[in-house]
Amino acid sequence: MPAVSKGDGMRGLAVFISDIRNCKSKEAEIKRINKELANIRSKFKGDKALDGYSKKKYVCKLLFIFLLGHDIDFGHMEAVNLLSSNKYTEKQIGYLFISVLVNSNSELIRLINNAIKNDLSSRNPTFMCLALHCIANVGSREMAEAFAGEIPRILVAGDTMDSVKQSAALCLLRLYKTCPDLVLMGEWTSRVVHLLNDQHMGVVTAAISLITCLSQKNPDEFKTCVSLAVSRLSRIVSSASTDLQDYTYYFVPAPWLSCKLLRLLQCYPPPEDGAVKGRLVECLETILNKAQEPPKSKKVQHSNAKNAILFEAIALIIHYDSEPNLLVRACNQLGQFLQHRETNLRYLALESMCTLASSEFSHEAVKTHIETVINALKTERDVSVRQRAADLLYAMCDRSNAKQIVAEMLSYLETADYSIREEMVLKVAILAEKYAVDYSWYVDTILNLIRIAGDYVSEEVWYRVIQIVINRDDVQGYAAKTVFEALQAPACHENMVKVGGYILGEFGNLIAGDPRSSPLVQFNLLHSKFHLCSVPTRALLLSAYIKFINLFPETKSTIQEVLRCDSQIRNSDVELQQRAVEYLKLSSIASTDVLATVLEEMPPFPERESSILAKLKKKKGPGAVSNELEDGKREGGELNGGGERAADTTAMAASNASTPSPSADLLGLRPGPAAPVSSGPPCAGSLLVDVFSEGPSPGPNVGANDDGFLRFVCKNNGVLFENQLLQIGIKSEYRQNLGRMYLFYGNKTSVQFVSFVTTVTCPGELGSHILLSSQFSCQLFIGLKTMD
Amino acid sequence: MIGGLFIYNHKGEVLISRVYRDDIGRNAVDAFRVNVIHARQQVRSPVTNIARTSFFHVKRSNIWLAAVTKQNVNAAMVFEFLYKMCDVMTAYFGKISEENIKNNFVLIYELLDEILDFGYPQNSETGALKTFITQQGIKSAVSSKEEQSQITSQVTGQIGWRREGIKYRRNELFLDVLESVNLLMSPQGQVLSAHVSGRVVMKSYLSGMPECKFGMNDKIVIDKQGKGGGTDEAGKSTGKQSIAIDDCTFHQCVRLSKFDSERSISFIPPDGEYELMRYRTTKDIILPFRVIPLVREVGRTKLEVKVVIKSNFKPSLLAQKIEVRIPTPLNTSGVQVICMKGKAKYKASENAIVWKIKRMAGMKESQISAEIELLPTNDKKKWARPPISMNFEVPFAPSGLKVRYLKVFEPKLNYSDHDVIKWVRYIGRSGIYETRC
């Protein structure tokens with residue numbers, strides 16, 4: 001940079017700035033600025049032309065005023081004039097003003113672009129750099145349109161200076177990030193890759209940022225960069241700390257470049273070429289070895305630089321996930337960091353270990369650090385580190401250590417930070433479910449969870465525990481007993497009351513034999529919580545009461561008394577009132593048989609992905625999800641004894657219950673309008689009945705059982721017709737005004753059907769919906785094709 | 001009620017901090033500084049709500065006074081108190097400035113203890129305060145025992161604003177009618193809005209416990225008297241000179257019950273200076289000046305402005321301190337001004353041409369013309385043409401208010417109404433007096 005010559009001090013500017021700084025109040029400042037603006041206006045308006053120096057000075061003042069937050073609506077022209085000056089300082093101020101104040105002003109943009117073009121084509125490297133910086137700083141679409149073609153040329157031209165190449169690479173990166181569509185790949189791309197071999201380390205550093213960004217979008221075009229990067233990396237890693245001179249930072253050779261190279265390699269799978277791969281493994285080993293060496297300096301910069309490379313290398317090792325040896329070594333290295341006194345290192349180590357834990361090679365190695373991690377969870381002072389420790393515990397958990405980890409997490413929950421409690425609760429719930437061998441342990445864990453952190457237990461968690469208890473006969477008695485005991489605590493969380501109400505309502509009979517938990521005691525216990533609960537919980541409890549009437553006829557009068565009292569039967573909440581009224585009537589009118597049928601035990605829920613897992617995925621960012629997926633893969637089928645039970649996907653009641661609405665219905669009896677929710681609008685249903693009553697299967701077989709198709713009033717799919725020869729199934733789905741219908745014909749005989757014809761007749765109203773009918777027939781034929 | 005009161009300098013440093021209630025924490029001090037004094041955008045609202053705490057502030061030159069509360073208080077009351085507080089401080093140590101506040105901080109804390117109690121405003125009458133909060137040291141306790149009991153009886157008594165046993169050789173009474181007239185006028189000379197807010201300020205130096213009665217040409221009173229007097233004609237003729245007062249407020253010494261029943265203003269005056277009443281009128285306002293603007297845009301780079309002012313009152317009266325402020329566009333690069341009378345100057349720091357005339361008699365006319373050169377900008381925004389504003393002072397009341405009588409009765413001491421020397425003065429000033437152009 002040229003030395004500031006004597007006249008470039010710009011005293012006027014300094015005086016103005018010090019005036020502003022000395023202003024006592026906002027008003028005084030505004031007055032001073034107004035005065036200065038008027039002065040500049042009169043100067044710019046003046047007839048005699050200003051020299052470059054004063055132009056620069058006034059543009060500087062305008063820039064300063066703009067940066068103070070005032071509007072500047074003139075002076076752009078003068079700034080553009082400065083661009084064409086030959087003096088560095090004037091040009092620099094001009095570019096500064098443009099890059100700060102430019103807006104897409106049509107007349108000026110042309111002039112500015114012209115000036116920039118001139119500078120780009122000049123032979124003066126400083127001017128070229130200034131122009132490139134301006135383009136990058138503005139980084140607008142207009143700039144990209146004008147220069148996206150020019151810059152790659154400068155970047156790969158043989159005679160360009162190194163400093164300009166650096167600027168050009170970064171400028172191109174900026175333009176690519178703003179409008180990737182304007183930066184076209186071309187023959188320059190291959191030459192950019194070769195910049196990795198450049199003599200000048202600065203150029204390599206700048207180029208690699210560009211290449212990393214470009215290769216993420218077009219990995220194939222830049223595939224060649226892998227071997228170049230590896231050789232570059234090995235040269236740096238194997239060099240002595242003095243070899244690179246300027247690029248050695250506290251005895252670490254080119255740390256930034258190394259990190260960027262390692263990051264670039266993470267965009268690609270492990271190299272296939274054995275030699276390259278060998279070299280890379282060698283590099284990684286060297287990096288790991290170096291971490292073991294005693295530090296060459298006590299300065300924090302030295303260790304920071306070294307560790308930065310190490311963590312990048314570990315990230316690469318994890319990314320490759322193919323070298324057991326390296327993975328275990330990385331894990332051991334991280335294990336050392338777990339007890340480092342630097343908090344940041346502990347954090348990073350925990351974070352990297354989380355990803356390591358999901359690799360099959362290093363999972364066991366990670367598990368050896370469990371004690372340290374648990375300790376970190378308990379004693380760490382920084383909440384973010386504790387969070388990471390919790391994450392790691394979650395990631396390293398498997399069948400062998402689940403009990404220990406869940407216990408630790410539960411005990412940590414009592415003191416955990418409020419911000420991470422909900423996530424912790426979800427994790428505990430998932431782990432408990434995933435690795436439960438003994439379901440009484442599972443029930444205990446979840447009830448503990450509700451007791452300790454009831455506020456943070458989301459709906460999904462307690463839905464899940466109920467689903468599992470209902471599906472497993474062997475724990476029902478135990479669950480009822482435990483819940484009964486838990487409810488006896490004087491202060492009980494509402495979620496506990498919900499679980500208790502549900503489970504006692506279903507399985508209270510299993511513990512009724514014990515005089516300490518006789519039906520009446522159970523009822524009184526539940527009812528003592530009733531008044532402290534919110535409306536949805538009360539609704540649930542009312543349903544539990546009616547179930548009690550079924551289970552224990554001796555409680556009938558007591559419960560009817562409760563239902564009959566004004567606070568229930570005349571409750572201001574419609575839901576509660578309706579339930580009270582209906583249950584009261586039901587209990588007094590219906591015979592015991594009817595009651596028993598209506599209030600039958602809930603059928604088992606279909607197996608499906610745990611809703612808790614889905615919730616946790618939603619809570620975390622997308623990055624975490626992939627982890628979860630891997631988890632799922634590894635544990636495949638272990639999920640709660642998986643597909644033992646045939647999933648009846650059509651069971652509507654069950655699908656309702658597994659994701660219940662706030663006023664979850666125990667009985668499968670929906671109060672209110674009788675129309676089922678999941679079927680199409682009722683009118684569409686009746687329309688369909690019409691279609692088939694006139695129907696597709698004429699002839700003697702017509703006698704399709706009536707109650708059979710009446711079912712379709714509230715169902716979307718099922719068997720339409722069946723005899724010894726043929727089964728006709730139907731499946732339909734509706735979205736707003738569109739419908740799609742599949743017909744399945746099953747051949748029940750062992751011989752082929754010949755000349756099988758189906759005719760579909762459409763009644764008038766339906767025929768007018770062309771779209772509907774055409775889709776109809778099309779789908780029908782697809783169904784036919786798959787038949788035999 | 002007011003939870004605390006803070007005084008800041010222009011930098012936002014706290015000069016005085018007095019907290020009356022526990023719900024106001026120390027952080028309230030910083031909250032106001034950060035969110036109001038140092039706010040990025042200038043805060044224009046005098047009431048700011050920060051985290052459920054209300055801050056009411058007034059600014060005197062570079063000093064910020066802020067009252068803080070967490071409760072739902074009457075904002076008008078708080079501001080009335082803040083203005084009163086300013087008056088009290090001015091009466092004690094003159095101009096409110098950082099220097100003066102620093103020099104008198106003990107006194108200010110003493111005053112704050114007296115005029116606010118647990119956040120409830122107490123007696124803030126300067127005259128009364130001065131009897132027991134003095135800037136001199138306390139005199140020896142022995143001799144002042146009597147005095148102390150007197151103070152107690154006065155502060156707790158019925159007439160808290162006046163002590164007994166005042167004696168003057170000359171009984172004098174000064175009465176000022178101070179009005180400020182506000183106007184917004186269209187370029188065509190149509191009045192868009194106009195009102196006068198006035199104050200009657202008195203200075204009384206009377207012996208004993210005199211009873212005063214103040215009468216003015218209030219329409220209701222005049223009409224009543226006209227009816228009482230008998231003929232309709234009399235009512236009409238007097239009605240012409242009477243004024244309609246929209247609303248008024250009184251000093252605490254005025255007997256409101258009597259005003260409500262008879263609309264007569266009777267009171268036992270405090271000693272010294274005080275504000276007897278405040279009022280507002282909107283009808284039949286005499287506008288002392290008329291501004292006729294003429295703006296012509298000549299091309300993109302030039303603007304010609306001509307402004308005529310006409311005085312509209314008796315030729316024998318003289319208006320003073322006349323100042324006309326003509327805003328100039330933001331891209332002004334040069335101004336030439338010619339005026340027949342007074343001095344005119346382009347003030348770049350205020351973006352305005354300021355034209356000053358020292359004196360001007362009634363029924364006269366004066367003119368200024370200016371050529372404004374503009375710098376062409378690439379900004380498409382049109383100049384918003386802010387209104388031309390004006391300042392002046394005239395020796396009459398623009399609302400038409402007249403003092404009809406001011407009677408003094410002192411039954412105990414032997415001086416009568418005639419022995420009191422009374423002075424009456426009218427001053428009309430401009431408030432926001434603007435004409436669009």
Side-chain angles (χ1 to χ4, degrees), chain A residues 16 19-50 54-55 58-59 61-62 65-81 97-98 101-112, chain B residues 8-13 33 36-44 57 59-64 96-99 299-303 325 327-337 345-354 370-384 386:
Chain A
F16 172 60
D19 273 4
I20 296 255
R21 297 216 165 129
N22 289 335
C23 281
K24 290 248 162 162
S25 65
K26 216 158 210 158
E27 292 78 33
E29 183 185 311
I30 289 170
K31 274 189 175 174
R32 180 70 184 90
I33 285 169
N34 279 336
K35 196 174 148 198
E36 194 60 44
L37 282 176
N39 176 32
I40 299 172
R41 279 194 300 259
S42 66
K43 284 288 189 319
F44 282 173
K45 173 83 180 177
D47 300 327
K48 63 174 193 303
L50 290 170
S54 30
K55 229 183 243 174
Y58 293 128
V59 167
K61 283 182 181 176
L62 284 179
I65 293 170
F66 177 77
L67 292 178
L68 283 178
H70 301 263
D71 275 341
I72 297 295
D73 52 3
F74 65 100
H76 298 78
M77 200 58 218
E78 282 71 16
V80 174
N81 285 344
F97 187 89
I98 297 297
L101 263 126
V102 87
N103 43 12
S104 36
N105 188 320
S106 55
E107 323 144 34
L108 279 176
I109 275 289
R110 212 165 37 80
L111 289 171
I112 295 167
Chain B
Y8 301 85
N9 67 4
H10 71 277
K11 285 184 206 148
E13 291 162 348
R33 174 181 39 242
V36 180
I37 303 182
H38 290 164
R40 240 153 233 259
Q41 252 80 44
Q42 199 185 353
V43 174
R44 291 187 161 197
H57 77 263
K59 220 184 151 193
R60 286 282 177 276
S61 65
N62 276 333
I63 299 297
W64 299 73
I96 298 176
S97 65
E98 189 177 346
E99 181 101 9
R300 274 189 72 197
T301 60
K302 208 167 167 189
L303 201 66
R325 179 177 291 266
T328 55
L330 291 175
N331 54 345
T332 305
S333 61
V335 176
Q336 275 97 47
V337 209
K345 205 176 165 189
Y346 167 58
K347 285 205 171 161
S349 60
E350 288 152 49
N351 281 325
I353 299 169
V354 179
E371 264 181 34
I372 301 170
E373 274 182 82
L374 303 175
L375 187 75
T377 61
N378 37 28
D379 215 12
K380 298 286 181 293
K381 266 184 290 175
K382 248 197 128 212
W383 181 45

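Chain letters run A, B, ... following the sequence lines, proteins first and then strands; every chain starts at 1.
The side-chain contact (heavy atoms from CB on, under 4.5 Å) test with A:K45 singles out one residue from B:T301, B:T332, B:L374, and that residue is B:T301.
Residue contact with chain A, scored on non-hydrogen atoms closer than 4.5 Å, involves the backbone and the side chain of B:N331 alike. For A:K24, the parts lying under 4.5 angstrom from a heavy atom of chain B are both the backbone and the side chain.
Atom-to-atom distance recorded for A:D71:CG and B:L330:CG is 9.5 Å, nearest 0.5 angstrom. Annotation: the span from A:E27 atom CD to B:K59 atom NZ amounts to 4.5 Å, rounded to 0.5 Å. Interatomic distance, NZ of A:K35 versus NZ of B:K347, reported as 11.5 Å (0.5 Å rounding).
For B:K345, the NZ atom sits in a loose shell: 12 or fewer heavy atoms of surrounding residues, nucleotides or ligands are nearer than 6.0 Å.
A heavy-atom distance below 4.5 Å is not found between the side chains of B:E350 and A:N34.
Taking chain A as the reference chain and counting heavy-atom pairs below 4.5 Å, the highest number among B:S349, B:G334, B:S333 is found for B:S349.
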